[in-house]
Novice: 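Got a structure for you, written out below as structure tokens; questions coming shortly.
Letters A, B, ... mirror the listed sequences (proteins, then strands); counts begin at 1.
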Amino acid sequence: MNRMKAFTLTGFLAFILVLSACSSESGGNSGDSEASEDSVTLTIGSWRTEDKASYQKIIDKFNEENPDINVEFKPSKNTEYNTILNTALQSGEGPDIIHLRPYTPGIELADAGYLEPLDDLEGLDQYPEETLSASKGSDDKQYGVPLNMSTTQMFYNKKMFEEMGLEEPQTWDEFMALNEKIKKEGTTPIALGTKEGWLLSLSHGIIGPAHYGGNEFVDQITAGETDFTSDEFQSSIDAMDELKQFFPDNYEGLGMEDIRTMFFTGDAAMFPLGSWEIEVLREMNPDLELGFFPIPSAVGKEPTITTWVDGSYAINASSEHKDAAKKFLQFMTTEEFGTMFTEEFKMISAIPGIESEDELVNALGKAAEEQSTPYMMLVHFAGGNPSTKATIETELQGMYLGERTPEEVAKTVQESAQSWYEPLQK
Amino acid sequence: MKPATNSNSVVKMKKERNWKRWTIHLFPIPALLIYGLFIVYPLFAALTYSFFDWKGIVRGEFVGLKNFKDLFTLEPFSGLFWNAFGHNILYFVLQMIFQNGLAFILAYIIYKKVKGSEFLKIAYFLPRLLSVIVVGFLWKLILNPNYGALNVILEKIGLEQLQKAWLGDPDTALISIILVNCWYGIGFGVLIFLAGLQSIPKELFEAGKLDGADGLSMIRKIVLPLMVPSFMIMTVLTFIQSFEAFELVYAMQGSQGEPYHSTDTLAIYFYRLAFGGSAGGSTTAVGLGSALAVVLFLFISFFTALYLRYMQKKQVDM
Amino acid sequence: MNHTIWTRPFYYVFAFLIASISIYPILLMILSSFKTSAEIFTSPLSLPKTFNLDTYRNLLEMIPFTTYFMNSVFVSVVSVLLILITSSLAAFYIARFTFVWNNIIFFFFLMGMMLPIKLGIVPLFILMKDLNLLNSLWSLIFMYVATGIPLSILILTGFFRTMPRELEEAARIDGAGNLRILWNVVLPLMRPALGTVMIIQFIQSWNDFFFPLIFITDDLKKTIPVGMLSLFGEYSADWGALFAGLTLASLPMIVLFFIASKQFMEGLTQGAIK
């Protein structure tokens, strides 16, 4: 009996071993055999698993002119992307083309010498300076080709606004009155939850400029002329606190998926989030009539749309196919690519002047050009450890839970920034 | 045994014995090799990181014990350390009570062969089959304040006042995660205890019955002393796992210890320092992270060694 | 005698209540895979309106499930076998002999559980690169064996120590070598413990996603959990599809357990009767 069992087990094992040997060989071959003598294979690393199909179309387009360069888009899970990429880079491996996180994390990789400088790449001069700064090393060399701009603003449900007889607000007071009105109708005005900290720095990026006064304040603080305990910044935190009366029930327990669902199912009228959500919202509810408005200022300035460069593409310094990789990046600076990108991804291309056929995306792109203010925490204050951006996230979360006062939030953010940000150390 | 016929063969036998004795030392070699190469070597190579200054992911100069000093004296690092440490202790205590305590009771019920005990065994073990990511995802949905099954059930049975944003409220977030961990781990406990119970010779129970022992006194006098190895295994494991608690917390709340540091554990804190958090926007502090891992290691190994020593003495006494 | 009669129903209710808590979330996962996002949110407790298999069909078309499955089976089976062999040899040595260094070896093995293995990921990656194991299923197997050894040795050593020595001595007097004693005398008696180790390690190797995430980039070498992870990005808003993916990823393990559990549970009791 026992012997029988042993036999079956050994048989089973042998079967598995043989099977796996076959599968691994066929797997190994298919990769190599296609590559002829002079063709190379490039890999792209990214965190956008959801864009796999769209990237394939881009790659097919690229191959029309460069048939001897195989390109493989190999994304990994968003939350583990940095760990995977850093590990591989530190060991001298990694994809040939790297999707760079914007600003500090990406620049960190450039400063560590893991990226190839791109200064001789044609087409870089078409981007404005702020766009390039997302992937410019501390040595002032350019390391990345900017891919797309992200914007954050208030989305709203057009149908619900119509039914309640509401219009896009032009002043902060109108905005608050509008919230009151929606609340009285028995609907949640703003779909926002505080369970995930990143949503808080993001929404502060939308609401904040209306109170600290947009670009002027950003210029001052990056020059060290004011700080986070100033009245301007304090009022932006106070406003975040005040808005909580318009959040959904149990907002402290709601995360990204929850608030998105609330908005596309019509349980809430407004949704303070980013341009990347358009595609998802439409997919989930094709009937949703989506509108947006820039946040009107509370201090008598222009309304603002918050914008920043969301990702850039760079070349791995230890890649064996740098020339081929450069060809691909070159392609990413062309108008042809920009147009295709806008159409496929429904995002705003970083290449200036690319129009989208999608009305909403187009309008957003226009607004972003005219009324833009940077996502200050990401663009300027993502450094330090823990980063100032992470600090404001935790502190705001503490405020919504009643553990911190708005004054304490501003003070802690100031302390964090002071610990590493040179202009504030004077 | 046949008596040895001549001295020659006795010598031969002895030689053979010696040879056989010597081969026993080969037994742990394969395990030592694999374990040494793939666990000990990389870990100890990484521990040296704690003595260096790090700029992002690039190693700087040797700084001695500076990272350790910073970890305990510099704010917010030291505050976060003790905060997370307290959470690990809570993790251990609650798991001992709700996971191991319950597991023992359930194992005993199954052992007593109630009707349906086959079904029970399988049922308790089912959660352990799932990937931790799946577990985290499922419970996040169940605990969701507005759509989650738990709050809906509470409402249906008229206990609305107990409804909560379970994972969003700092008072309940960590406890919820720990209880989910108990849900996940209870089957393993049942299995270990059951294996322990079943290796108790039946004669002892008969003897106990003759002596007039019943229910509880049977457990106290016969079962518990013989279950020492199972308890030892579960305690050591729970201790180590509680202080290394990472995967489930990460799957349910991410790497920021949200909300407001209320679910931070030492391993989560370590991950955040060494790898820069989950969503990409954070910076790394590899030196501090490694220093934290060293401290964690020293702490766990010290108490595990102490406990094992104590248990061994106890076993010798018996 | 009296109190057992009235406490018994209490035990019953208690045991079955816990059992239903154990099963419920898994049922929820399977049922939700047939629902739409809206249904999941508005009526979390109800049964799905239809049992439509389209979501599953779409998923299976999109991902090379059979490849992932075969990879997972191969990695888990080989890992578990190697763990059982190496750990029982080592645990036998530690538990049944009293060399002065035995406690040190035992503790040395336990140390592996006391550090987060993620700490060593960069040296590990370089090691795998040097051994030419990147993108190979063997990198996973070695990791699962190495990470599985400490727990297995802890469990096996604990149980080896409880075994009566008489049988072993009898075999020794009959002239059996250590290997034969271990194989013929000790291991058959240790079936419950071996079964426990086997199933725990199998699950561990089956469900891990961290190592394949780091070591494997080739799509054809991925295991089920990593293949499933990518679904989270792709279907972040389509909860029905997400649940279908989770179910697909969990089902093989659950089915396997039901097939093996009879064998395995019998093994448990057999060991006790002897």
Novice: What part of A/M377 lies closer than 4.5 angstrom to a heavy atom of chain B: side chain, backbone, both or neither?
Specialist: neither
Novice: Roughly how far, to the nearest 0.5 Å, is the CZ atom of B/F275 from the OG1 atom of A/T79?
Specialist: 13.0 Å
Novice: Atom CD in B/Q256, atom OG1 in A/T394: separation rounded to 0.5 Å?
Specialist: 6.5 Å
Novice: Minimum heavy-atom separation for B/P76 to A/P386, with atom names?
Specialist: CG-CD, 3.7 Å
Novice: To check you understand the geometry: which heavy-atom pair defines the closest contact between A/W198 and B/E258, and what is its length?
Specialist: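 That closest heavy-atom pairing would be N-OE2, 4.4 Å.
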Novice: Considering only heavy atoms, which portion of B/Q163 lies under 4.5 Å from any heavy atom of chain A: side chain, backbone, both, or neither?
Specialist: neither
Novice: Step by step, would you call A/K195 with B/Q253 a side chain to side chain contact (heavy atoms under 4.5 Å, CB included)?
Specialist: CA-CA 9 Å; A/K195 182 171 172 254; B/Q253 299 292 80; 3.2 Å; yes
Novice: With a 6.0 Å cut-off (strictly less than), is the heavy-atom count around NZ of B/K69, excluding the residue itself, greater than 12?
Specialist: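 Counting neighbours around NZ of B/K69, 12 or fewer heavy atoms of other residues, nucleotides or ligands fall under 6.0 Å, so no.
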Novice: Considering heavy atoms only, which positions within residues 404-422 of chain A lie below 4.5 Å of chain B?
Specialist: A/R404
Novice: Does the side chain of B/P145 reach to within under 4.5 Å of the side chain of A/Y251, using non-hydrogen atoms?
Specialist: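 Result no, sub-4.5 Å side-chain heavy-atom pair not found.
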Novice: At a heavy-atom separation under 4.5 Å, does A/L109 approach chain B through its side chain, its backbone, both, or neither?
Specialist: side chain
Novice: Taking atom CD as the centre, does B/E61 end up with more than 12 heavy-atom neighbours from other residues, nucleotides or ligands that are less than 6.0 angstrom away?
Specialist: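 Open: at most 12 neighbouring heavy atoms sit under 6.0 Å from CD of B/E61.
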Novice: Assess whether atom CZ of B/F98 is packed by more than 12 heavy atoms of other residues, nucleotides or ligands within 6.0 Å.
Specialist: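 Not buried by this count: 12 neighbours or fewer within 6.0 Å.
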Novice: Please test A/N385 against B/L273 for side chain to side chain contact (heavy atoms under 4.5 Å, CB included), starting from the C-alpha separation and ending with a verdict.
Specialist: CA-CA 8 Å; A/N385 200 305; B/L273 286 172; 3.9 Å; yes
Novice: Given side chains that start at C-beta, do those of B/P170 and A/E403 come closer than 4.5 Å, heavy atoms only?
Specialist: yes
Novice: Output the option from A/A112, A/G193, A/G398 having the highest count of non-hydrogen pairs under 4.5 Å with chain B.
Specialist: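 Sorted descending by pairs with chain B, the first entry is A/G398.
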Novice: Is chain B contacted by the side chain of A/Y114, its backbone, both, or neither, given a heavy-atom distance below 4.5 Å?
Specialist: side chain
Novice: Return yes if some donor-acceptor pair links the side-chain N/O of A/Q397 with the main-chain N/O of B/Y260 below 3.5 Å, else return no.
Specialist: yes
Novice: Quick one about B/N146 and A/D258 (side-chain donor to acceptor, distance below 3.5 Å, no hydrogens or angles considered), yes or no?
Specialist: no
Novice: Ignoring hydrogens, what is the shortest heavy-atom contact between A/E252 and B/D169? Give both atom names and the distance.
Specialist: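 Looking at all heavy atoms of both residues, the shortest contact is CG-N, 4.5 Å.
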Novice: Looking at B/K66, I'd like to know if its NZ atom is crowded, meaning that more than 12 non-hydrogen atoms belonging to other residues, nucleotides or ligands lie closer than 6.0 Å.
Specialist: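 No.
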